[in-house]
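Here's the structure we're looking at; comments come further down.
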Amino acid sequence: MQYNHKEIEENWQKFWADNQTFKATNPAQSSDQGDADKPKYYVLDMFPYPSGAGLHVGHPLGYIASDIYARYKRHKGFNVLHPQGYDSFGLPAEQYAIQTGQHPAKTTEANITTYRKQLDKIGFSFDWSREVRTSDPAYYKWTQWIFIQLFNSWYNKDTDKAEDIATLISIFKKDGNTTVNAVADAETKPFSSEAWKAFSKTEQEAILLQYRLTYLSDTEVNWCPILGTVLANDEIVNGVSERGGHPVVRKKMTQWSMRISAYAQRLLDGLEKIDWPQPLKDSQTNWIGRSQGAMVSFDIEVGTPKGSTDIKLSYKELEALKELRLNLSKAEGILWDELKNKKGAAKFRKKYTIGSFLVDYVCLAKNTIVEFSGKEDEGARTAFFAKEGFNVLRITNEEVIESVLKVVAKINNTLQFPTVVKVEKPIANSKSAAYKIDVFTTRPDTIFGVSFMTLAPEHPLVSKIVTGAQKKAVNAYIKATAKRSERERMADVKTISGVFTGAYALHPFTGEKVQIWIGDYVLANYGTGAVMAVPCGDQRDYDFAKHFGIAIPNIFEGIDISEAAHTGKEGTIIANSDFLSGLNYKKALKLAIFEMEKRGFGYGKINYRLRDAVFSRQRYWGEPFPVYYKDGMPQMIDEKHLPIVLPAVEKYLPTEAGEPPLGRATSWAWDSRGKKVVSNEKLKNKTVFPLELNTMPGWAGSSWYFNRYMDANNQGAFVSKESLEYWKEVDLYIGGSEHATGHLLYARFWQKFLFDKGIVPVDEFAKKLINQGMILGTSAFVYRATAFVKNGCDIDKSNDDVLAKIPTLFVSKNNFSSDAEFETVVKNYLSDKGYLNPNFADLVMITNTPLHADVSLVNSSDELDVEAFKKQPINQDYQKAIFFLKDGKYVVGREAEKMSKSKYNVVNPDDIVEEYGADALRLFEMFLGPLDQAKPWKTSGISGVYSFLKKLWKLYIDENGVAVSDEKATKEELKTLHKTIKKVAEDIENFSFNTSVATFMIAVNELTALKCNKKEVLAPLLVLLSPYAPHITEELWSKLGNKESISTVEFPVFEAKHLVESAKKYPISFNGKMRFTLELPLDFSKDEIEAAVLADEKTIAQLAGVAPKKVIIVPGKIVNIVH
RNA sequence: GCUGAAGUGGUGGAAUUGGUAGACACGCUGGACUUAAAAUCCAGUGGUCAGUAAUGGCCGUGCGGGUUCAAGUCCCGCCUUCAGUACCA
């Protein structure tokens, strides 16, 4: 009897389906508790999006691994939950609907049918009775329900969890909002309890919306007016839409958002207690982006009463200024040598702008200007400087040249006894300032190094503070940046651009005026959209300052910043920083925050990069929101009226008015009295309201599906309490790493929210997670020769005449190894065959173009079926092409690339199953390499596992049928068995599936060599193998006379006694190099071993008379002789 | 730039706490069976040198150092590849 995989696999797949072999029991579902008194184990795959292309060989990799683990756990006595379903809302179905007019539900259904067929053929032990589909109203009813829960919740920072909105309302009634410690929108205004009660209902709702965990907000999006849709960042290439190349602008739209930022810290902390891959945790940590620092408020001094005398320096002037600083006159240079680096009594700067005046030297700390006399506008200068609170000292060239020390003494004297006294501390937090700029900084210790500020061009303050003279330039700049997508802006790091606003901020400690610029290196949606620029300590600030000629004060002791900013922290001593001078980074940081808090213009703060997630999509094929609008305020539909089912539309495009596709629905209004969705015509009625037109994003349904599987058919609840209590969380989750910062972060967020609300019992949904690596396709290449006439050749024949004679030629890979060789080989071939006149050969240049060939036309020796290649429709042009073979074969080139249709390297699992069977496919996918690694697929390798299965079969079955005996197994046979038990169990626990396949092969090879046919060995072997190759093992198991499925048979127990050996082949090394082996009894002591080894004649030969210096013996391991 | 992972025969990959590098396969070469092919079975297969041969020597885990009786494995410094991510203040 031959191994017939087809028949066996079909039979057993039918058996499993008919007997519901893999149906998991819930505690409440059976009176006798069934399997539910066993310990539970929940193995989950990331459910697939059912795409039209179907599965390729890379998709099932993770499913096979999880299936092996699930089956293993069943053998180990667990009640295993191993479900599967479909993430069936998604873009491709919608796109297809737009093109064909077919309803996405229809195409999705068809795709699911295909998927299911493909999956079934591989023999997974899924419990299909719990299948979920995110696009099924019975499922998304609960997605809508969770949305309502989020809407009805706020985040209380004091209790550090989400609470019902009712508790917030009662606080508002009692105390207003000033005592509330909540995560809320930035621009919430304080109000008292009286004020709260006085607000209208709509006003109250607007305020509550600022606190809810899901809320409406104006969010900047990439809007493509021509496509009438919002585009994701990666749908934009070079500022135009990827599809169609239409212009894209940044536009504000009202959208639903999720306040995931409230959970930033808990999402970070939670990573500690889950067993997920470190790289994945790292990328989540990175994404959350916690940074510790301070918020600092800078007052703005808007346009000055001095009007036009205020700064008006153009770039040119600034550039000139820069020049001036470098080119000092002789006297200027002499004096600067004495003043610089704090040689004088205080720190001076040279060639500094104050207002629109360029002064020679200034000490900002002491408000003292030193300049050479004889300037034309001396009167105006004196007046302006006095007004600004500066003390002016005028000196002459002659004085300096005569005695610079005398001048320095004069300056010092002025510093000590200033004639003009300025207000000691700035009015930094005074109420008089009209505007303030809040910034977040991680380096409050460098605050004295601030020499300017930069706002994002979109910053709301920009329009308010810009001075008349700068308005034009600023507006032009804003317009230019608005055109660029965010991604583009971020990608373009090299260009430094920005515009001065004309306004100044006051340094909160020194009161010094610092220029306020706008620049697109500052991002509107990170931090506050503004930075305090410390050019000496931040490279971007440094570059900006250099580019625009802004001062770069150095506040680091003994650090040279003439070339680049100093960004290091450790070991840095702060200087020129008032009370922070002389302190190290850590102390300065603490003291700076302490002082800021004391003086009231700043406070310590932890900032997160994680932004609230936009939850609206202007699409059709997604979950509708259970929301209608009354007086412009969103209202939730009561949960008992859910689901709100996606309405029919005639087209899946946005409306002409730019509304989402749901704007086309004719029945999309909420009758608040009849409690149902009604025709839009009834909107005239006072009790009928418009429904939300957006739909939910793809991640909505996938953020909680793992909970639904626990009780997938529950009509009355999200999941029953008992099911949640029993299954709790996913024990093992397998899927791709591409979901690291999307699905896996959002799902953790929802789980924590549901936990806060007491809906689920644990706050992390997956204990352990494994990322499977990608399977790459092994593309096949043919090499096409293309002829060109070389440049600069003077030939009387036209190029065409020369080239026309040359046919298309494909060269076999084994004819050449480099491009140069390729050219020579082709030319020789063409000349030999008479296609190319040898006289022209020198004029012709041959280039090598590799083209993808379909991998299905290539055999295991990389030989191409040339005739089949020519027959392919895409190769119409090559009917007459010549194939330059070698040894009668056309050999293709090989390269591993991502599997994709366009690369003709996709391998369909159906074909593999057809030819070799599901068991071979399963074994082979595991045998390819470590689960988490990317590895290339080469179908030829499958013959190895296929012949393994045939060998296995032969151990049990010969030409007369079952050939298994009940005789006692030999010692040798038991040793093989137990060695295998031990290794396979260890491998499965460590998810090292590739090595256990090798172990099975070794076992079968050994048992075949031993001619073993003992049931005592062969029966347990089947159980070991059954998670990997379930069909053949079921078949052989039943052939051994068992009536029940093998799937829950107890896993064989390893007995160490079978592995005990009495002797060991010791490797004997000399100076660490293994020379020969020597078999010695294992119970030999060190001395006995040494004696035996040294007495051996091979040892004597190796030593050649030299006495060993040292003999190292590790009993049971190795002997090493040093000589 | 930053973060993470990884570099081992012609190929995919093995190798416990440092202890016989290349398990198990693919491919290749030779042989058996066959009219032939497929399938199957047997043998060989890291490089190199010596030898008719059995066999033996030397070199070998990206590169350069180091620790050790002993290094693919540990330490230091580089190089390369892949993946993720980025003006994050």
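Side-chain atoms are counted along with the backbone in the values below, which use heavy atoms only and exclude waters and symmetry mates. Proteins get letters first, then strands, A, B, ... in listed order; numbering begins at 1 in each.
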Separation between the [atom1] atoms of [N] and [M], rounded to whole Å:
{"N": "rG72(B)", "M": "rG22(B)", "atom1": "C1'", "value": "11 Å"}
{"N": "rA15(B)", "M": "rU20(B)", "atom1": "C1'", "value": "11 Å"}
{"N": "rU40(B)", "M": "rG47(B)", "atom1": "C1'", "value": "33 Å"}
{"N": "rA25(B)", "M": "rA14(B)", "atom1": "C1'", "value": "11 Å"}
{"N": "rG13(B)", "M": "rG7(B)", "atom1": "P", "value": "10 Å"}
{"N": "rU67(B)", "M": "rC75(B)", "atom1": "P", "value": "15 Å"}
{"N": "rA37(B)", "M": "rG56(B)", "atom1": "P", "value": "38 Å"}
{"N": "rA53(B)", "M": "rU48(B)", "atom1": "P", "value": "16 Å"}

Neighbour count >12 (heavy atoms, 6.0 Å) for atom CD, E989(A): yes

Give the rounded distance in Å between these two atoms: [atom1] of [X] and [atom2] of [N].
{"X": "R1075(A)", "N": "rU55(B)", "atom1": "CZ", "atom2": "P", "result": "17 Å"}
{"X": "N994(A)", "N": "rU8(B)", "atom1": "CG", "atom2": "C1'", "result": "15 Å"}
{"X": "N771(A)", "N": "rG84(B)", "atom1": "CG", "atom2": "C1'", "result": "12 Å"}
{"X": "I770(A)", "N": "rA5(B)", "atom1": "CD1", "atom2": "P", "result": "17 Å"}
{"X": "Y542(A)", "N": "rA89(B)", "atom1": "OH", "atom2": "C1'", "result": "18 Å"}
{"X": "N1071(A)", "N": "rC69(B)", "atom1": "CG", "atom2": "P", "result": "11 Å"}
{"X": "M1001(A)", "N": "rG13(B)", "atom1": "CE", "atom2": "P", "result": "15 Å"}

Residue whose closest nucleotide on RNA chain B lies nearer the 5' end, K983(A) versus V945(A): K983(A)

Which residue lies more 5' along RNA chain B, comparing K1117(A) with I1112(A) via nearest heavy atoms: K1117(A)

Which nucleotide in the list [options] gets nearest to the side chain of [X]?
{"X": "P279(A)", "options": "rG13(B), rG4(B), rC88(B)", "value": "rG4(B)"}
{"X": "I1118(A)", "options": "rG13(B), rG19(B), rA89(B)", "value": "rG19(B)"}
{"X": "R609(A)", "options": "rA89(B), rA86(B), rG12(B)", "value": "rA86(B)"}
{"X": "W287(A)", "options": "rA89(B), rC24(B), rA86(B)", "value": "rA86(B)"}
{"X": "D282(A)", "options": "rA23(B), rG4(B), rA39(B)", "value": "rG4(B)"}
{"X": "L523(A)", "options": "rC88(B), rA25(B), rA23(B)", "value": "rC88(B)"}
{"X": "S947(A)", "options": "rA25(B), rA89(B), rU40(B)", "value": "rU40(B)"}
{"X": "N1120(A)", "options": "rA25(B), rA89(B), rA70(B)", "value": "rA70(B)"}

If only side-chain N and O atoms of [X] are considered, is one of them under 4.0 Å from the OP1 or OP2 phosphate oxygen of [N]?
{"X": "N286(A)", "N": "rG4(B)", "answer": "no"}
{"X": "Y1066(A)", "N": "rU20(B)", "answer": "no"}
{"X": "K1065(A)", "N": "rU20(B)", "answer": "no"}
{"X": "R290(A)", "N": "rC88(B)", "answer": "no"}
{"X": "K1073(A)", "N": "rC59(B)", "answer": "yes"}
{"X": "Q933(A)", "N": "rG13(B)", "answer": "yes"}

Donor-acceptor side-chain pairing of N905(A) and S779(A) below 3.5 angstrom: yes

Residue pair N607(A) / S291(A), side-chain donor-acceptor N/O under 3.5 Å: no

Conformer about C1'-N of rG9(B) - syn within 90° of 0, anti elsewhere: syn

Would you call [X]-[Y] a salt bridge at under 4.0 Å N-O?
{"X": "E1006(A)", "Y": "K979(A)", "value": "yes"}
{"X": "R443(A)", "Y": "D445(A)", "value": "yes"}
{"X": "K1086(A)", "Y": "E1090(A)", "value": "no"}

Heavy atoms under 4.0 Å, any strand shown: does [X] hit a base, just sugar-phosphate, or nothing?
{"X": "S943(A)", "result": "sugar-phosphate"}
{"X": "V1114(A)", "result": "base"}
{"X": "N1005(A)", "result": "sugar-phosphate"}
{"X": "K1109(A)", "result": "nothing"}

Test side chain to side chain donor-acceptor pair (under 3.5 Å) applied to Y521(A) and D541(A), step by step: CA-CA 9 Å; Y521(A) 78 98; D541(A) 294 345; 2.8 Å; yes

